[in-house]
There are 2 protein chains.
Amino acid sequence: MGLTKTEKFTEQQNEIATIAKVLGHPARIAILDFLIKLDSCVCGDLVKDIGLAQPTISQHLKELKKVGIIKGKIEGTSVCYCIDQEKWKAITKTLNNFLNKNTTNTCC
Amino acid sequence: MGLTKTEKFTEQQNEIATIAKVLGHPARIAILDFLIKLDSCVCGDLVKDIGLAQPTISQHLKELKKVGIIKGKIEGTSVCYCIDQEKWKAITKTLNNFLNKNTTNTCC
DNA sequence: TTGATTAATTGTAATATTGCAATAAACAAA
DNA sequence: TTTGTTTATTGCAATATTACAATTAATCAA
């Protein structure tokens, strides 16, 4: 069916999955890597650096914006994209909350 | 095209994305949550607990096994699934490596 | 042997994702 | 206004993912 049954899961489970899903594409990781390296950036640079077509990059940026991990500020003809520090911290916290839930068990 | 161009990205970027992708579905987060709560588990319990059909659960377990975050041990008619502690730690490290790369910038 | 139980596999339908060409929109410079 | 630059949107094709019914395989119990 291709349709995730979100109603079967807790809000937290859905939240973790949504974040992870957005991070689940190497182009988006590459974009974030690039943004981290710089202080700001325009889409044009990304197209050159990452090597995917401009509409594809634009689409990935949209996904990243959807979870708020990046934000864009229009500056004339170009757009300055950068990491949303607050959101990045929140996402880090959410993922670590989950990752740290696991304690050493003795089974298997 | 639906086909990720992995060759355009670094090994590390692909690795992070692969891990995140597997965590990018609430059913798989729910399965991991359930496994963490217990010390061991069988698929039957998961079907009841999560509320998806048995083949669907089986498919999600396969995805989780693919990245090694869980392991299954056959015990008679049922299978004992549990977290692979070593792999969990490795995955946590990989994700945190990425998440901690980001430092406070002053742009935007 | 059967019959029951449990989990994997297969096949299929529906939806989602990825990627890009073509186009549009928004702005700056001439 | 026209022209060039930059990014977003649209439309489409190809592939991937999600979900489940039906079936298979494997084991245990009687």
Side-chain angles (χ1 to χ4, degrees), chain A residues 1-9 13-14 17-31 34-35 40-67 70-82 108, chain B residues 1-9 13-14 17-31 34-35 40-67 70-82 108:
Chain A
M1 290 175 177
L3 181 61
T4 298
K5 299 197 162 175
T6 51
E7 76 281 2
K8 300 239 176 189
F9 312 104
Q13 285 165 346
N14 282 313
T18 301
I19 292 168
K21 197 173 180 183
V22 169
L23 298 180
H25 194 289
R28 293 193 283 269
I29 299 296
I31 288 171
F34 193 79
L35 285 174
S40 69
C41 120
V42 286
C43 187
D45 285 347
L46 283 170
V47 172
K48 267 185 234 162
D49 194 71
I50 292 174
L52 294 176
Q54 180 268 322
T56 309
I57 298 290
S58 191
Q59 204 173 2
H60 284 304
L61 287 168
K62 201 174 168 185
E63 290 297 306
L64 290 167
K65 259 191 291 184
K66 212 171 59 184
V67 294
I70 65 167
K71 52 186 177 181
K73 203 170 60 177
I74 296 168
E75 288 196 352
T77 3
S78 65
V79 180
C80 164
Y81 276 112
C82 56
C108 306
Chain B
M1 290 178 178
L3 180 61
T4 297
K5 299 198 162 176
T6 52
E7 77 280 3
K8 299 239 178 189
F9 311 105
Q13 285 165 345
N14 282 313
T18 301
I19 292 168
K21 197 174 181 182
V22 168
L23 297 179
H25 194 289
R28 293 194 283 270
I29 299 296
I31 288 171
F34 192 78
L35 285 174
S40 67
C41 121
V42 287
C43 186
D45 285 347
L46 283 170
V47 172
K48 268 185 234 162
D49 194 70
I50 293 175
L52 294 175
Q54 181 266 324
T56 309
I57 298 290
S58 192
Q59 205 172 4
H60 283 305
L61 287 169
K62 201 173 166 186
E63 291 295 307
L64 291 167
K65 259 191 291 184
K66 213 172 58 184
V67 294
I70 66 167
K71 51 186 176 182
K73 203 169 60 178
I74 296 166
E75 288 196 351
T77 3
S78 64
V79 179
C80 165
Y81 276 111
C82 56
C108 305

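Quick note on labels: first sequence line is chain A, next is B, and so on, each numbered from 1.
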Taking DNA chain C as the partner, which of residues 52-65 of chain B come within under 4.0 angstrom of it by heavy atom? Q54(B), P55(B), S58(B), K65(B)
Could you state the [atom1]-[atom2] distance from [X] to [N], rounded to the nearest angstrom?
X      : N       : atom1 : atom2 : result
K66(A) : dT9(D)  : NZ    : P     : 13 Å
I31(A) : dG19(C) : CD1   : P     : 10 Å
H25(B) : dT15(C) : NE2   : P     : 15 Å
K8(B)  : dC20(C) : NZ    : C1'   : 11 Å
K48(A) : dT7(D)  : NZ    : C1'   : 14 Å

Should the ring pair F9(B) and H25(A) be called parallel, tilted or perpendicular, given that the plane angle runs from 0 to 90° and is split at 30 and 60? perpendicular
Taking all heavy atoms of [X] and all of [Y], pick out the closest pair and write down the distance.
X      : Y      : value
C82(A) : L35(A) : CA-CD2, 4.1 Å
A17(B) : P26(A) : CB-N, 3.3 Å
L52(B) : A27(B) : CD1-CB, 3.8 Å
G51(B) : K8(A)  : O-NZ, 2.6 Å

Does anything in residues 44-65 of chain A pair up under salt bridge (charged side-chain N to carboxylate O under 4.0 Å, His left out), and if so which pairs, sequence neighbours excluded? E63(A)-K66(A)
Please figure out whether D45(A) or T6(A) has its closest DNA chain D nucleotide nearer the 5' end. D45(A)
Can you tell me if Y81(A) touches the phosphate of dT6(D), counting only side-chain N or O atoms and a distance under 4.0 Å to OP1 or OP2? no
Which part of the nucleic acid, if any, lies within reach of K21(B) when heavy atoms closer than 4.0 Å are counted: base, sugar-phosphate only, or nothing? sugar-phosphate
Can you tell me if S58(B) uses its side chain to pair, donor with acceptor, with the backbone of Q54(B) under 3.5 Å? no
At what distance, to the nearest 0.5 angstrom, does OG1 of T6(A) lie from CD of Q13(A)? 11.5 Å
Could you give me the CA-CA distance, side-chain angles and deciding distance for V79(B) and L61(B), then say whether side chain to side chain contact (heavy atoms under 4.5 Å, CB included) is met? CA-CA 11 Å; V79(B) 179; L61(B) 287 169; over 6 Å; no
What string of B, S and - do you get for nucleotides 24-30 of chain D, 5' to 3', if B is base contact, S is sugar-phosphate-only contact and - is no contact with any protein heavy atom under 4.0 Å? ---BS--
